[in-house]
Amino acid sequence: MTTDSKRFETLVLHGGTYRADPVSGSVAVPIHQTTSYQFQDTGHASRLFALEELGNIYTRVQNPTWDALEQRVAALEGGAAALAVASGQTASAFSVLNLAQAGDNIVSSTDLYGGTWTLFAQTLKQFGIETRFVDPSDPENFRRATDSKTRAYYAEILPNPKLNVFPIREVADIGRSLGVPLIADNTATPLIARPLEHGAAVVVYSATKYIGGHGNSIGGLIVDGGNFPWESHADRFPLLTQPDDAYHGAVWTEAAKPLGPIAYSLRARVKLLRDIGASLSPFNAFLLLQGLETLPLRLRQHNENAIAVANFLKDRDDVSHVIFPGLQSGENRRRADAYLAGGYGALIGFELKGGVEAGRRFIDALKLFYHVANIGDARSLAIHPASTTHQQLSGEDQLATGVTPGYVRLSIGIEHPEDIIADLAQALDAAGAADAAPARKAA
Ligand SMILES: *Cc1c(COP(=O)(O)O)cnc(C)c1O
């Protein structure tokens, strides 16, 4: 089966060409734990190396277990192809390095995952690639920051802590009018948001989060939308449209033609993955496939539970405000409703009136929630950024990123909603009770 009109619930199980293993009949996708693949003969081997035929050579570059995962994710996203990589960080880095080289720039939303922020602000800068950070509340900021060296726009669809949904169509359209593709990190909203339908050219994932869904494997994916006219803007994309010395002068937009509109993902695989080698382990690809098969079911429960939790928090006197797309108003709510077609997701932020100390006490009193720096697990997770992920930032910088002293981030799991809410209620009570009690003696 290939990409077609089937629904998500069916595509997660059947999307792509894998049906059963041709040798064993195995229905579950086998873990192809091999480094290399026997060539049929010398002609076959040289055709593979010359990319005249696509096939398995070495697991740094291709693997049949990845292939099943890649095809399913491409089918779900409505993309032309996908590339599995070792982590979400690799996916973000490759998505940019596949278009930009020293002297070039990208324009990125300021609302980013911390790891992506440092990748862009520091590591890519050391590679000679400049990132121009702009406030996404006004899409025109992207146009204003664009020049002839701009190779991509980059944004997260549902960035935390602010949880303001990115104006996908607005920015993608500006980019298309100028010849700049939008790369969208859809980690927090797989299936819920469909960036390619709104004009994005590339979608990246940390599969570590909802796609894997069980908090057991790090992995990443890059989905090639196959919908961007690289050749119409050939001067902007020399890496795709000019002869590549590393492949006997191949031009990627030409080389991909017999295979489909996959110049972007083909180059990412045979250049970046080949040369840098941030490859996914076949075992992790298998675990991510297991997670993917129940993604629509899990998301339904994540979404429902999060709405129940947001409503519970909204009515608490010790909570000054709740950040959740379904509780927003104005332009942010309009964007949430326009782009989160499959629910509001399962991330919730809230502010404790008691500030930093109440935040710490709340976290320490949780019994069901795990206190971890992660999102997208089937289990409910919580973190107090001011005392952990953001502690090294000045108070002012914390506020700029949306982290206030009493701010708590929740990633709501798929447990029974009443058990989730009971744990939150007892931890809020504990945080508040300690507030009223005389100060404890320092240990
Ligand atoms: C976790 C995360 C990443 C990084 O992914 P890893 O798999 O941890 O490398 C990137 N973007 C977002 C939005 C994330 O949540």
Side-chain angles (χ1 to χ4, degrees), residues 3 8 11-12 15 70 72-85 88 91-92 94-96 98-99 106-113 116 134 136-137 139 142 151-160 162-207 209-211 220-230 261-262 264-265 268 292 295-296 299 303 325 332 334-347 375-376:
T3 310
F8 293 150
L11 287 174
V12 290
E70 290 166 346
R72 276 188 204 172
V73 169
L76 286 163
E77 202 69 49
L83 177 65
V85 290
S92 306
F94 281 13
S95 73
V96 172
N98 205 34
L99 298 172
I106 62 167
V107 181
S108 172
S109 166
T110 45
D111 294 357
L112 289 182
Y113 174 72
T116 311
V134 299
S137 60
F142 281 80
R151 302 294 178 244
Y153 295 160
Y154 191 99
E156 284 175 26
I157 301 307
L158 181 63
N160 71 77
K162 293 180 195 161
L163 302 180
N164 292 337
V165 171
F166 184 76
I168 312 174
R169 168 62 67 189
E170 292 86 334
V171 174
D173 281 354
I174 291 170
R176 283 179 185 268
S177 73
L178 300 172
V180 179
L182 172 63
I183 301 170
D185 179 339
N186 202 29
T187 297
T189 44
L191 310 186
I192 291 174
R194 312 206 67 223
L196 299 179
E197 281 182 359
H198 303 292
V202 174
V203 177
V204 296
Y205 282 104
S206 167
K209 313 293 169 53
Y210 290 97
I211 290 179
L221 286 147
I222 303 172
V223 183
D224 182 342
N227 62 6
F228 197 84
W230 309 109
I262 61 162
Y264 177 87
S265 48
L292 189 69
L295 181 62
L299 284 177
N303 282 335
N332 284 322
R334 190 200 65 76
R335 289 177 185 171
D337 288 336
Y339 298 123
L340 304 186
Y344 293 119
L347 301 180
I375 61 167

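Quick note: numbers below take in every heavy atom, side chains included, and nothing from hydrogens, waters or symmetry partners.
Between the side chains of D185 and T187, at least one donor N or O lies within less than 3.5 Å of an accepting N or O. Counting only N and O atoms by type, the side chains of N303 and Y344 include no donor and acceptor under 3.5 Å apart.
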For this session: I would like to know whether F228 and V202 meet side-chain contact (heavy atoms from CB on, under 4.5 Å); could you show each step before the answer?
Result: CA-CA 9 Å; F228 197 84; V202 174; over 6 Å; no
Problem set entry | E70 vs L83, side-chain contact (heavy atoms from CB on, under 4.5 Å): CA-CA, chis, key distance, verdict | CA-CA 6 Å; E70 290 166 346; L83 177 65; 3.9 Å; yes
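A184 and I157 make their closest contact through CB-CD1, 3.7 Å (heavy atoms, listed as atom of the first residue, atom of the second, distance). Between A80 and I262, the closest heavy-atom pair is CB-CG2, 3.8 Å. Of all heavy-atom pairs spanning S108 and L112, the tightest one is OG-CD1, 3.5 Å. Here the closest heavy-atom approach between residue L191 and residue P296 is recorded as CD1-CG, 3.9 Å. Residues A188 and Y210 share a closest heavy-atom pair of O-CE1, 3.7 Å. Counting all heavy atoms, side chain and backbone alike, R335 lies closest to V165 at CD-O, 3.4 Å.
In this view, F8 satisfies the ring-ring contact (aromatic ring centres under 6.0 Å, His included) rule with no residue, not counting sequence neighbours.
Using a 4.5 Å cut-off on side-chain heavy atoms (C-beta onward), R176 and N227 make contact. Residues T110 and P136 form a side-chain contact, since some pair of their non-hydrogen atoms from C-beta on lies under 4.5 Å apart. Residues Y339 and F166 form no side-chain contact, since every pair of their non-hydrogen atoms from C-beta on lies 4.5 Å or further apart. L76 places a side-chain heavy atom less than 4.5 Å from the side chain of L292. With contacts defined as side-chain heavy-atom distances shorter than 4.5 Å, the pair S206/Y113 does not qualify. Using a 4.5 Å cut-off on side-chain heavy atoms (C-beta onward), P195 and E77 make contact. At least one side-chain heavy atom of Y153 sits less than 4.5 Å from a side-chain heavy atom of L178. Inter-residue side-chain proximity for L182 and F142 is flagged as unmet; no heavy-atom pair is nearer than 4.5 Å.
Sorted by first and then second residue, the salt bridge (Lys or Arg N to Asp or Glu O under 4.0 Å) pairs with a member in residues 189-205 read R194-E197; sequence neighbours excluded.
The distance from atom CG of L347 to atom CG of L158, rounded to the nearest 0.5 Å, is 5.5 Å. A distance of 12.0 Å separates OG1 in T116 from CG in D111, rounded to the nearest 0.5 Å.
Side-chain atoms of N98 come within 3.5 Å of backbone N or O of Y264 as a donor-acceptor pair. Between the N186 side chain and the A193 main chain, a donor and an acceptor come within less than 3.5 Å of each other.
Here K209 does not pair with E156 in a salt bridge; the nearest charged N to carboxylate O distance is not below 4.0 Å.
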